[in-house]
Participant: 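Got a structure here, written out as structure tokens. Questions coming.
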Amino acid sequence: MATSTSRGALSLAATLLTATIALYMTLVAFGNITDFGTNQQFVRHVLAMDTTFKDEDLMWRAITSTGLQDTAYVLIIVWETVAALVLIYGSWLWARRDDLRARRMSTYGLLMVMLLFGAGFIAIGGEWFSMWQSKSWNGLDAATRIFLFSGVVLIVNQLSAPRGQTPAT
């Protein structure tokens with residue numbers, strides 16, 4: 001049975017870890033907005049599949065339209081920005097000791113990060129667009145690190161809930 005001391009320590013851990021992911025996502029979104037061109041090139045190369053093995057059985061997946069590539073990149077930035085804002089709000093709620101709402105908002109934000117890095121970068125970028133084949137435009141290691149770190153933070157957020165209390169209640 002959890003004591004108030006252990007529950008307090010877990011809440012502190014949830015606060016600090018959620019704030020860390022919030023800071024990371026804020027910096028990522030800010031960097032992509034203020035230095036738009038750097039990761040724009042990354043997204044363009046991944047979607048164009050121009051540095052992969054160029055297997056003719058896979059190249060039909062390539063998106064070579066710069067308009068579609070840039071649209072995908074802008075949508076990524078919007079998703080990152082919203083995730084950062086949700087996590088900032090969740091961190092603020094943790095700091096105010098509004099644990100139930102903090103857990104709910106943090107869960108939403110962390111799931112947004114995990115969807116972006118897991119489904120977006122690892123599954124779609126890595127497998128569908130064969131990013132794993134590229135030596136120069138391969139972000140799988142970074143995506144995996146953030147996906148796993150966010151998952152650990154999500155677990156800590158859920159561990160800090162008293163028995164029977166989940167974000168849906």
Side-chain angles (χ1 to χ4, degrees), residues 12-55 58-96 101-157:
L12 177 61
T15 303
L16 296 175
L17 290 171
T18 301
T20 300
I21 299 287
L23 174 63
Y24 175 79
M25 289 307 296
T26 300
L27 294 174
V28 167
F30 181 77
N32 284 337
I33 292 166
T34 60
D35 183 19
F36 189 85
T38 299
N39 280 331
Q40 177 189 37
Q41 292 307 309
F42 188 93
V43 170
R44 284 183 175 181
H45 284 289
V46 170
L47 295 180
M49 300 174 67
D50 58 0
T51 60
T52 64
F53 301 162
K54 296 199 173 50
D55 182 336
L58 299 178
M59 290 307 292
W60 64 270
R61 300 175 183 176
I63 297 174
T64 56
S65 162
T66 56
L68 289 176
Q69 293 167 344
D70 291 347
T71 298
Y73 182 45
V74 168
L75 291 173
I76 290 168
I77 294 170
V78 168
W79 189 271
E80 292 167 343
T81 303
V82 172
L85 292 171
V86 170
L87 288 167
I88 289 167
Y89 182 54
S91 299
W92 182 76
L93 290 169
W94 279 117
R96 291 182 43 91
R101 288 183 10 181
R103 189 171 298 105
R104 181 179 300 125
M105 294 310 297
S106 297
T107 297
Y108 296 152
L110 291 163
L111 288 174
M112 289 180 73
V113 172
M114 294 181 77
L115 283 171
L116 177 64
F117 286 90
F121 298 149
I122 296 170
I124 295 170
E127 290 302 317
W128 184 257
F129 291 106
S130 300
M131 182 171 55
W132 66 269
Q133 296 178 1
S134 177
K135 287 185 178 19
S136 51
W137 301 101
N138 185 340
L140 287 173
D141 286 343
T144 301
R145 278 192 307 271
I146 299 308
F147 179 80
L148 292 174
F149 183 37
S150 298
V152 168
V153 177
L154 181 62
I155 290 168
V156 170
N157 270 265

Participant: Please step through side-chain contact (heavy atoms from CB on, under 4.5 Å) for the pair Trp94 and Leu12, ending with a clear verdict.
Facilitator: CA-CA 8 Å; Trp94 279 117; Leu12 177 61; over 6 Å; no
Participant: If you look only at pairs with a residue in residues 15-45, which of them pass as a ring-ring contact (aromatic ring centres under 6.0 Å, His included), with sequence neighbours excluded?
Facilitator: Phe36-Tyr73, Phe42-Trp137, His45-Trp137
Participant: If I compare all heavy atoms of Ala83 with all of Gly109, which pair ends up nearest, and what's the gap?
Facilitator: CB-O, 4.3 Å
Participant: Nearest 0.5 Å please: distance from the CG atom of Leu85 over to the CE atom of Met112.
Facilitator: 9.0 Å
Participant: State the CD1-CD1 distance between Ile146 and Ile21, to the nearest 0.5 angstrom.
Facilitator: 6.0 Å
Participant: Between Glu80 (side chain) and Thr26 (backbone), is there a donor-acceptor pair under 3.5 Å?
Facilitator: no
Participant: Return yes when atom CZ of Arg61 has more than 12 non-hydrogen atoms of other residues, nucleotides or ligands closer than 6.0 Å, and no otherwise.
Facilitator: yes
Participant: Distance check, rounded to the nearest 0.5 Å: Leu27 atom CG versus Thr34 atom OG1?
Facilitator: 10.0 Å
Participant: Hey, what do you get for CG (Leu93) to OG1 (Thr15), rounding to the nearest 0.5 Å?
Facilitator: 10.0 Å
Participant: Is there a donor-acceptor contact under 3.5 Å from the side chain of Gln133 to the main chain of Phe53?
Facilitator: yes
Participant: Check Val86 against Met105 and note the closest heavy-atom contact, atom names and distance.
Facilitator: CG1-O, 3.2 Å
Participant: Give the intermediate values and the outcome of side-chain contact (heavy atoms from CB on, under 4.5 Å) for residues Leu87 and Val113.
Facilitator: CA-CA 10 Å; Leu87 288 167; Val113 172; 3.8 Å; yes
Participant: Say whether Asn157 and Thr107, considering side chains only, have a donor N or O and an acceptor N or O under 3.5 Å apart.
Facilitator: no
Participant: Taking atom types as modelled, find out whether Thr144 and Asp141 have a side-chain donor-acceptor pair closer than 3.5 angstrom.
Facilitator: no
Participant: Rounded to the nearest 0.5 Å, what's the gap from CG on Asn32 to OG1 on Thr38? Could you check?
Facilitator: 8.5 Å
Participant: Pair Thr81, Ile33 - check side-chain contact (heavy atoms from CB on, under 4.5 Å), show working.
Facilitator: CA-CA 10 Å; Thr81 303; Ile33 292 166; 4.0 Å; yes
Participant: Counting N and O atoms only, with roles assigned by atom type, does the side chain of Thr52 sit under 3.5 Å from a partner on the main chain of Met49, one being a donor and the other an acceptor?
Facilitator: yes
Participant: Side-chain donor-acceptor contacts of residues 114-130 below 3.5 Å, not counting sequence neighbours, with atom names and distances?
Facilitator:
none

Participant: Can you name the closest pair of heavy atoms from Ala14 and Val156 and give their distance?
Facilitator: N-CG1, 3.8 Å
Participant: Please report the interatomic distance OG(Ser150) to CG(Leu111), rounded to the nearest 0.5 Å.
Facilitator: 9.5 Å
Participant: May I ask you to decide whether Asp70 forms a salt bridge with Arg44, counting only side-chain N to carboxylate O separations under 4.0 Å?
Facilitator: yes
Participant: Between Ala62 and Ala48, what is the shortest heavy-atom contact and its length?
Facilitator: CB-O, 3.3 Å
Participant: When you compare the side chains of Arg103 and Tyr108, does any donor N or O come within less than 3.5 Å of an acceptor on the partner?
Facilitator: no
Participant: If I compare all heavy atoms of Gly90 with all of Ala102, which pair ends up nearest, and what's the gap?
Facilitator: O-CB, 3.8 Å
